[in-house]
Each structure stands twice: as C-alpha cells, then as structure tokens.
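Quick notes on the structure that follows.
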Amino acid sequence: MSVLQRENLSHQNRPTRVPDAEETIEKYVNELEKKRKSTVIPLLFTDETELDRGTVTDIYDYLEFTKKIGTVKQLDIILHSSGGILDAAIHLTEILRSYSRNLNFIVPRYAKSAATLVALSGDGIFMDKPSELGPLGPVWIGEEGEYEPSALPHTIEFLRDLEKKLPKDSKTIEIIAKRLSIERMGVYKASLEDSVEPLTELLCTRMFKKTPNRESVAGKIAKKLVTGYSEHGYPVTIGEVTELGIPAKRLPNDEWQLVWKIFKTFDSKYERFESIV
Amino acid sequence: MSRISKEGVQERVVGEILDLLKKQGEITPRELDSLLETLAAERGGEGREDIYAVARGLFDMGVIRVVPHAIPIKDKGLILSSKVVVRPREATEKGAVGLPPRTRSKIPHSLKQKLGSVVAQ
C-alpha cells in the first residue's frame, strides 16, 4: 500500500463532525442571500417564547451590536412566532423598518397573533402552503380563563336569539345580564379598536403605500383580522390572505426550499416537545 | 414489582429536576421534558400526568422558572428560545411553603418543606 493510499484510507476513517443546527441554518441563509441578493435574517421563536419587551431588546441588541447591520438595500426576515404582546410587536416593527426601505417577511410555518402584525408591517410578504397568519384580536386572561373580546358580538347575538325563544315573563336574560360587567365590555371594545389602528397605519405606510384609497383598503383588512374571527387560533392561510386583499407572494421554488430547510432544522432541534411551560 | 406511593413519585420528580439543574446550571425546556418522559417511561407510563403536574407545580410555585434565552446563529439570525433555571438562592431560602397559595394543591405540604430545604442548599 502506498503512502498516498494509506493517507486516503486514514482520511476516510476519520470521524467527520456533524454540523450543529446553527451551522446548518447559517449555510442555508448564506445560499438564500446569494439567490435573493439581499440580507436574510431568521427570527425564529420557540413556542414557549413570547414576543415581548425582552425579546425586542434581544433582537435590537443582536441587529445593532452583533450583526452591526446598518442600513441595507433589501432585508428579508424569516419570521416564525406564535405571537405575544401587541405593544412589543408594534415597537419591533419600527426597529426592523429602520434598517431597510425594502423590508420583506417570509413566513415558513406561522406568524400568529402579534407576530401577524409584524409580518404585515413590511413592503412584502411571502407565504406558501404551510404558512399561516392569525387573527389579531386581543386575548384577555382573567381568573375565569381566556376571553376573546372579538367574541363579544357573538355573545350579544346569542342573548338576542335566546330572548326570542324564551317566554316573555322569563327572567333568564336578566339573570345572565347581571353577570356581565358593562365596564369590562367597554374595555374589551376599546381594546379591539386599539388593535385595528396600528395595523391600518402599518399597512398604509409600506405594503399599500402606492395603493389608491389605501386607508380604506388597509382599514378593511385590519378590521377583518382584528374582529372578523371568533377563534384566535384560526389559520389564515395564503389563500385566505389573498382573499383579504393582502398581496402575499410565493417565493421561487429553489428559494422556498431553502427557507423550508432553515425552518425544519430549527424545528427539529428546538420544537416538537410537550412543553410544561 | 413494588409499587411506589404517589408522594414517593412526586419527591423523585422534584429531586431529579433539581439535581439536573444543580449539575448543569440551566436546561432547555426540551431537556426538562425528556427527563419527565424518562421518569414516566421508568414507571411504564403510569402516572405520567402526575409527573407533569408536579413539574408544572414547580413552575407555578416559582421554584424553577423560565427565562428568555436568545441564541445567535453567528451573524445570520436569531433563535428566540428560553431556558429553565432554579430561582436564586436568596429567593428560596425561606422555603417553598410561603409561596403563592394558588399552587398549593399541586404539591403536598410535606414535600414543599423538603423542597424549600433542598433548593436552599
């Protein structure tokens, strides 16, 4: 056996290091950046991690001082998040917008609730078959559990229908009505309006900035996303997003495959467990 | 095979979680979940709900807590994750007995007293 053959054999037998998830994601991001000629930043939240003030701090700190991003021509954010606090989401959109005049969001799997607002704050949004956004209506957590103010009209409608079916001298409606707090109902209604306004503003200033009657178009979309769904977890897929009038696009197949590989690498390491948190 | 009492299981779960945390300083929620699954598997899946309830009780009582943990993908993105840590020693020295009443039903009183002394070590 020659020296060369021995060297080749020893090279073949050497254990190869398996790249960890972060290295693999980095490799795919590099490839995607070359294809899209843009700066690509994945912001991937595990399900137990809320988009809150703390995560806004982490993202800002990373972009400004670790990445030192400056201002870039085109910024593509790969966003995966189950949502969080609306105020924090609004602040995050302002931070992300400051880095590029051409900001896109790519949603591989889901950007729900407050993350939906972030995903719609750019100049463009890319989705595909598994991507989903979600209703933006606030959720109140009280002693009796979770309550969605967007369900308020349904409660009132239910009481109206019930009243029609009951005998005139029935006290049922009166008894139920006594349990409802007028003050709380007012707060619920106000919280819905508080969610419509910022989304309308965000849509008007980027995605629909060149659209005639943009305020009316954006307002309609925002109202539907905030008050049009009674179930907070409802999957707003690319088909439904398009029906709402949001110009969601599909990425070319080779780019989408890279996005999906990035998501799958993250998902296999950080997700898929029954969280007790 | 001898049967272990419910309290015995609860004590074991608490002990294993805290031992792991003492050894590693912090763990991911996924590592915690693996530990609970192992404990449940050792018992043939019996009492899995109890095991998870005890672990949730530790969170509710504030003995262990979840803190945000951002993992940079070098300069190519960020994973917004979290990690499980034991409460700082000074916060647990008084023991778990004085912690919020809403969680008291999850862990028996005797175990809470032990828990207080274990965590404060």
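In what follows, every chain begins at residue 1, and chains take the letters A, B, ... in the order their sequences are listed.
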*Provide the closest heavy-atom pair for A:Thr46 versus B:Ser82 in the form atom of the first, atom of the second, distance.*
OG1-N, 4.3 Å
*Taking every non-hydrogen atom, the tightest pair across A:Thr49 and B:Ser81*: OG1-C, 3.3 Å
Any [X] side-chain heavy atom under 4.5 Å of [Y] side chain:
X       : Y       : answer
A:Ile25 : B:Ile79 : yes
B:Asp75 : A:Thr66 : no
B:Pro72 : A:Glu22 : no

Does a sphere of radius 6.0 Å around [atom1] in [X] hold more than 12 heavy atoms from other residues, nucleotides or ligands, not counting ones at 6.0 Å or beyond?
X        : atom1 : value
A:Glu94  : CD    : no
A:Arg101 : CZ    : no
A:Arg97  : CZ    : yes

*Report the option among A:Ile41, A:Ile59, A:Val40 that has the most heavy-atom pairs separated by less than 4.5 Å from atoms of chain B.*
A:Ile59
*Could you walk me through whether A:Asn30 and B:Lys76 pass the side chain to side chain contact (heavy atoms under 4.5 Å, CB included) check?*
CA-CA 8 Å; A:Asn30 281 333; B:Lys76 296 292 178 192; 2.8 Å; yes
_Spacing of CD belonging to A:Glu48 relative to CZ belonging to B:Arg30, to within rounding of 0.5 Å_ = 10.5 Å
*How many angstroms lie between atom CG of B:Leu80 and atom CG of A:Leu44, to the nearest 0.5 angstrom?*
8.0 Å
*asked:* Need one label for A:Phe45: side chain, backbone, both or neither, based on atoms under 4.5 Å from any heavy atom in chain B.
replied: both
_A:Glu33, part contacting chain B, at a heavy-atom distance under 4.5 Å_ = side chain
_Please evaluate residues A:Tyr270 and B:Ile71 with respect to the criterion side chain to side chain contact (heavy atoms under 4.5 Å, CB included), reporting the C-alpha separation (whole Å), side-chain torsions for both, the decisive distance (0.1 Å), and the verdict._
CA-CA 11 Å; A:Tyr270 291 94; B:Ile71 304 160; 3.5 Å; yes
